[in-house]
Amino acid sequence: MHIFDSVQKTKRLFTPQNESKVTLYVCGPTVYDDAHLGHAKSALVFDLLVRVLRANGYAVTYARNITDIDDKIIKKAVEQNKSIKEITEFYTDAFHKEMAQIGVSRPDLEPKATESLDAMYMLIRKLIDSNHAYQTEDGDIYFDTSSDSQYLTLSKRVQNEDEKINRVENSSHKKNSADFALWKSVKDGTVVFDSPFGAGRPGWHVECSAMIEKHLADKDMNFAVDIHGGGADLLFPHHENEAAQTRCGTNHALANYWMHNGFVNIDGEKMSKSLGNSFFLKDALKVYDGEVLRFYLLSTHYRSNFNFNQEDLAASKKRLDKIYRLKKRLFGLAEDRDKTLFQEELLKALSDDLNISNALALIDEMVTHANETLDTAGKHKELKAETLSNLAYIEEILGFGSKNPFEYFQSGVDDETKTKITELILKRDEAKKAKDFATSDKIRDEILSYGVSIMDTPQGTFWEKV
RNA sequence: GGUGCCAUCGCCAAGUGGUAAGGCCGCAGCCUGCAAAGCUGCUAUCCCCAGUUCAAAUCUGGGUGGCACCUCCA
């Protein structure tokens with residue numbers, strides 16, 4: 001397996017620290033609002049990574065945190081006159097439900113910031129004791145970036161002199177402009193935790209370092225985790241700061257491999273909270289099938305920026321439809337359990353830094369070949385069993401094709417309409433039998449008016465929602 | 001301003017030195033009562049210029065054009 005390391009900026013052979021065991025940590029959502037397409041993309045990318053790692057025989061422990069302590073959460077709670085817990089539980093629950101709809105499996109561990117405060121206190125204490133952090137007179141605790149000779153080596157940023165001056169003016173209590181808060185003392189009485197350093201709340205960056213140390217890290221290893229992932233925007237400052245804290249506060253570096261997924265743009269525009277053009281997953285799910293969204297969002301390489309638009313989504317749907325039509329063609333038959341050459345090639349493609357384009361090309365070719373053979377006369381018992389095994393493998397490793405193929409094509413159609421369509425198809429079949437094509441075509445037009453298309457096959461007439 | 005990334009058919013998108021995968025759209029055909037679905041065939045020399053090399057979409061230099069991060073963000 002090869003992984004592009006976004007810190008070393010090169011594709012590296014993946015070798016876990018601990019033989020066949022792999023630890024993966026991904027920065028999860030801050031639960032103060034609905035998940036947008038970017039959250040979906042990130043969750044999908046790492047869901048795929050875990051599936052591919054497991055298919056390669058690794059025992060993976062995958063952790064994705066829930067940030068449930070944050071100023072924006074508190075702001076929302078105050079605005080809506082609700083408790084913090086009500087807000088975070090509502091959005092955490094929504095996040096889980098929406099992720100399930102796009103086929104994202106739950107991580108093995110889902111640590112919450114509120115459940116990891118002890119680990120944060122411990123890490124902050126270590127950083128203070130080792131002179132990597134200091135407390136100001138108003139109670140804030142900052143990480144002293146000048147104490148870490150390796151600071152900025154992760155993002156390879158060069159500090160700008162003008163920026164330095166501006167920031168120091170804004171926050172005169174900091175020793176260095178780049179110093180970031182580990183602990184914010186809070187005086188407004190809203191939400192505070194009683195820490196050994198006084199009342200306040202933890203800084204964002206310290207949450208992840210502490211959670212990794214508490215829930216995932218192997219203390220004896222050179223790296224806390226094998227792989228650390230997240231959105232491309234997190235490289236700086238979030239991951240830079242996380243790495244600094246872990247490096248200075250523990251006996252190991254944070255991660256051996258870093259993976260950052262590209263962004264989702266909407267019709268060429270960046271989607272961001274400040275621009276207010278977020279496309280929420282829940283809204284997309286009202287219009288599009290979850291699995292189509294999964295296929296579409298995964299259809300472009302994870303590191304590329306992704307431009308969401310309806311035309312490309314429609315093309316993805318057609319591509320996924322072909323998988324389901326083949327599945328429909330073989331419905332109810334028994335599969336073969338032997339691993340096929342196709343499966344080996346598919347895994348090989350995905351093991352090359354998740355080369356999804358090559359993987360999809362292999363799938364298209366497999367589907368076409370299977371259809372071609374099935375079109376010709378003969379029973380092809382072996383091919384059918386093998387193809388079903390291939391489809392099952394695609395489902396396992398990519399999460400495509402998990403539904404009943406008939407339901408997939410008819411989702412969103414109510415029972416009353418379904419009954420009506422079935423009746424019309426029967427009527428049309430009778431007209432066809434009697435060679436009354438004028439009537440049968442008229443009935444077909446009526447069926448089409450329900451927004452479905454029909455197809456005559458040797459097994460009978462089937463219909464699909466358009 | 002600093003740092004970094006990218007530029008391949010109408011659209012999406014692989015390919016990082018050996019002579020351009022795949023999908024969508026389009027055209028022609030097979031199949032079909034006609035369709036739909038499925039299948040077959042056809043459709044690019046890789047932003048521009050210069051260089052390195054027996055050989056470059058792939059490497060180097062210079063342009064041009066996009067984009068990202070530097071501020072909460074996946």
Side-chain angles (χ1 to χ4, degrees), chain A residues 6 9 11 26-30 32-33 35-46 64 67 70-72 75 152 155-163 167 178 204 229-238 240 260-265 268 270-275 278 295-296 299-307 309 311-322 325-326 328-329 349 352 355-365 367-376 409 432 435-438 440-441 444-445 447-448 452-457 461-464 466:
Chain A
S6 44
K9 295 193 190 303
K11 207 184 268 184
V26 175
C27 291
T30 300
Y32 73 102
D33 204 350
H36 54 57
L37 292 177
H39 293 106
K41 169 87 183 175
S42 182
L44 284 165
V45 164
F46 292 104
R64 183 185 60 208
T67 298
D70 185 89
D71 288 353
K72 290 186 290 294
K75 189 172 167 240
L152 295 182
S155 59
K156 298 179 180 62
R157 257 191 98 234
V158 178
Q159 203 143 15
N160 183 313
E161 286 303 315
D162 297 339
E163 197 182 298
R167 294 238 184 126
W204 175 39
D233 56 328
L234 296 180
L235 181 54
F236 186 87
H238 187 53
E240 184 75 60
H260 290 93
N261 65 276
F263 264 51
V264 178
N265 296 331
K270 188 195 164 180
M271 177 172 58
S272 84
K273 280 157 196 174
S274 50
L275 285 173
S278 296
F295 190 102
Y296 178 45
S299 67
T300 296
H301 189 78
Y302 75 94
R303 275 186 280 124
S304 308
N305 280 338
F306 187 93
N307 189 27
N309 67 78
E311 293 72 34
D312 296 343
L313 187 134
S316 277
K317 182 188 181 304
K318 290 190 176 184
R319 224 171 170 179
L320 180 60
D321 285 353
K322 287 175 82 164
R325 288 209 186 92
L326 181 59
K328 198 157 78 169
R329 236 179 142 165
D352 179 18
N355 191 329
I356 191 76
S357 287
N358 280 341
L360 293 181
L362 285 167
I363 291 174
D364 287 326
E365 280 159 14
V367 170
T368 297
H369 176 252
N371 275 320
E372 186 188 354
T373 313
L374 292 171
D375 277 351
T376 61
F409 284 113
K432 272 177 67 187
K435 304 243 188 259
D436 180 1
F437 297 122
S440 96
D441 287 354
R444 179 166 62 196
D445 287 342
I447 297 171
L448 261 44
V452 303
S453 74
I454 59 172
M455 42 207 67
D456 297 328
T457 77
T461 302
F462 296 114
W463 65 273
E464 295 179 359
V466 177

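Each chain gets a letter, A, B and so on, in the order its sequence line appears, and its residues count up from 1. For the numbers below, each heavy atom of this structure counts, side chains included, while hydrogens, waters and symmetry mates do not.
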B/A56 versus B/A50 - spacing of their P atoms, nearest Å | 14 Å
Of all residues at least two apart in sequence or in a different chain, which pass the side chain to side chain donor-acceptor pair (under 3.5 Å) check with A/Ser299?
-> none
A correct 5'-to-3' footprint of nucleotides 3-18 of chain B, with B, S and - meaning base, sugar-phosphate only and no protein heavy atom under 4.0 Å, is S-------SSSSS---
When you compare B/C30 with B/A37, how far apart are their C1' atoms, in angstrom units rounded to a whole number?
-> 14 Å
Distance between P atoms of B/C34 and B/A44 (Å, rounded) | 33 Å
Partners passing side chain to side chain donor-acceptor pair (under 3.5 Å) against A/Tyr296 (at least two apart in sequence or in another chain) = none
When both distances are under 3.5 Å in a Watson-Crick or G-U wobble arrangement, the nucleotide paired with B/C59 is B/G51
Which value, rounded to the nearest 0.5 Å, describes the distance between A/Leu374 atom CG and A/His369 atom NE2?
-> 9.5 Å
Taking a pair to mean Watson-Crick or G-U wobble geometry with both distances below 3.5 Å, B/G1 pairs with B/C70
Out of B/G33, B/C69, B/G23, minimum distance to the side chain of A/Lys432 belongs to B/G33
Provide the Watson-Crick or G-U wobble partner of B/U64, both distances under 3.5 Å; none if there is no partner.
-> B/A7
Under a 3.5 Å cut-off for both distances, is B/U19 Watson-Crick or wobble paired, and to whom?
-> none
Mind checking the C1' distance from B/G65 to B/A74? Whole angstroms is fine.
-> 28 Å
Tell me what A/Ala315 touches on the nucleic acid: a base, only sugar-phosphate, or nothing, going by heavy atoms under 4.0 Å.
-> sugar-phosphate
Tell me, with the steps shown, if A/Asp352 and A/Lys11 meet salt bridge (charged side-chain N to carboxylate O under 4.0 Å, His left out).
-> CA-CA 9 Å; A/Asp352 179 18; A/Lys11 207 184 268 184; 2.8 Å; yes
SB check A/Lys318 A/Asp321 (cutoff 4.0 Å) | no
Which comes earlier along RNA chain B counting from the 5' end, the contact point of A/Ala361 or that of A/Gly38, where each point is its nearest nucleotide?
-> A/Ala361
Considering every strand shown, what is the Watson-Crick or G-U wobble mate of B/A44 when both distances are under 3.5 Å?
-> none
To the nearest angstrom, how far is A/Asp364 atom CG from B/A21 atom P?
-> 15 Å
May I ask you to decide whether A/Asp456 forms a salt bridge with A/Arg444, counting only side-chain N to carboxylate O separations under 4.0 Å?
-> no
Take atom C1' in B/C46 and the same atom in B/A20, then report the distance between them in whole Å.
-> 7 Å
Rounded to the nearest 0.5 Å, how far apart are CG of A/Leu152 and CD of A/Glu240?
-> 5.0 Å
A/Leu313 CG to B/G23 P, straight-line distance once rounded to whole Å | 19 Å
Can you check the A/Tyr32 OH to B/A74 C1' distance for me, whole Å?
-> 11 Å
Across the strands shown, which category fits A/Phe236 at heavy-atom distances under 4.0 angstrom: base, sugar-phosphate, nothing?
-> sugar-phosphate
A/Asp441 has an atom CG; how far is it from atom P of B/G33, in whole Å?
-> 12 Å
Which whole-number value in Å describes the distance from A/His238 NE2 to B/C69 C1'?
-> 15 Å
d(CG, A/Asn261; P, B/A68) in whole Å = 15 Å
Ring of A/Phe263 versus six-membered ring of B/A68: centres under 5.5 Å and planes under 30°?
-> no
Please step through side-chain hydrogen bond (donor to acceptor under 3.5 Å, both in side chains) for the pair A/Arg329 and A/Asn371, ending with a clear verdict.
-> CA-CA 9 Å; A/Arg329 236 179 142 165; A/Asn371 275 320; 2.7 Å; yes
Expressed as a whole number of Å, how far does the P atom of B/A7 sit from that of B/A14?
-> 9 Å
Taking ring-ring contact (aromatic ring centres under 6.0 Å, His included) as the test, write out the residues that go with A/His238, two or more places apart.
-> A/Trp204, A/His205
Table of protein N/O atoms under 3.5 Å from nucleotides 36-38 of chain B N/O atoms:
unit_1: B/A36; atom_1: N1; unit_2: A/Asp456; atom_2: O; d: 3.2
unit_1: B/A37; atom_1: O3'; unit_2: A/Arg325; atom_2: NH1; d: 3.3
unit_1: B/G38; atom_1: OP1; unit_2: A/Arg325; atom_2: NH1; d: 3.3
unit_1: B/G38; atom_1: O3'; unit_2: A/Asn371; atom_2: ND2; d: 3.3
unit_1: B/G38; atom_1: O2'; unit_2: A/Asp375; atom_2: OD1; d: 3.4
unit_1: B/G38; atom_1: O2'; unit_2: A/Asp375; atom_2: OD2; d: 2.6

What integer number of Å spans the C1' atoms of B/G17 and B/A13?
-> 22 Å
For A/Asp71, enumerate each residue passing the side chain to side chain donor-acceptor pair (under 3.5 Å) test, keeping only those at least two apart in sequence or located in another chain.
-> A/Lys184, A/Arg201
Check ion pair A/Lys322-A/Asp364 (N to O, under 4.0 angstrom) = no
Rounded to whole Å, CZ of A/Phe437 lies from P of B/U32 at a distance of 12 Å
So what does A/Val264 hit on the nucleic acid, given a heavy-atom distance under 4.0 Å: a base, only sugar-phosphate, or nothing?
-> base
Separation of B/A74 C1' from A/Phe46 CZ (nearest whole Å) | 9 Å
For B/G61 and B/C25, measure between their C1' atoms and round to the nearest Å.
-> 39 Å
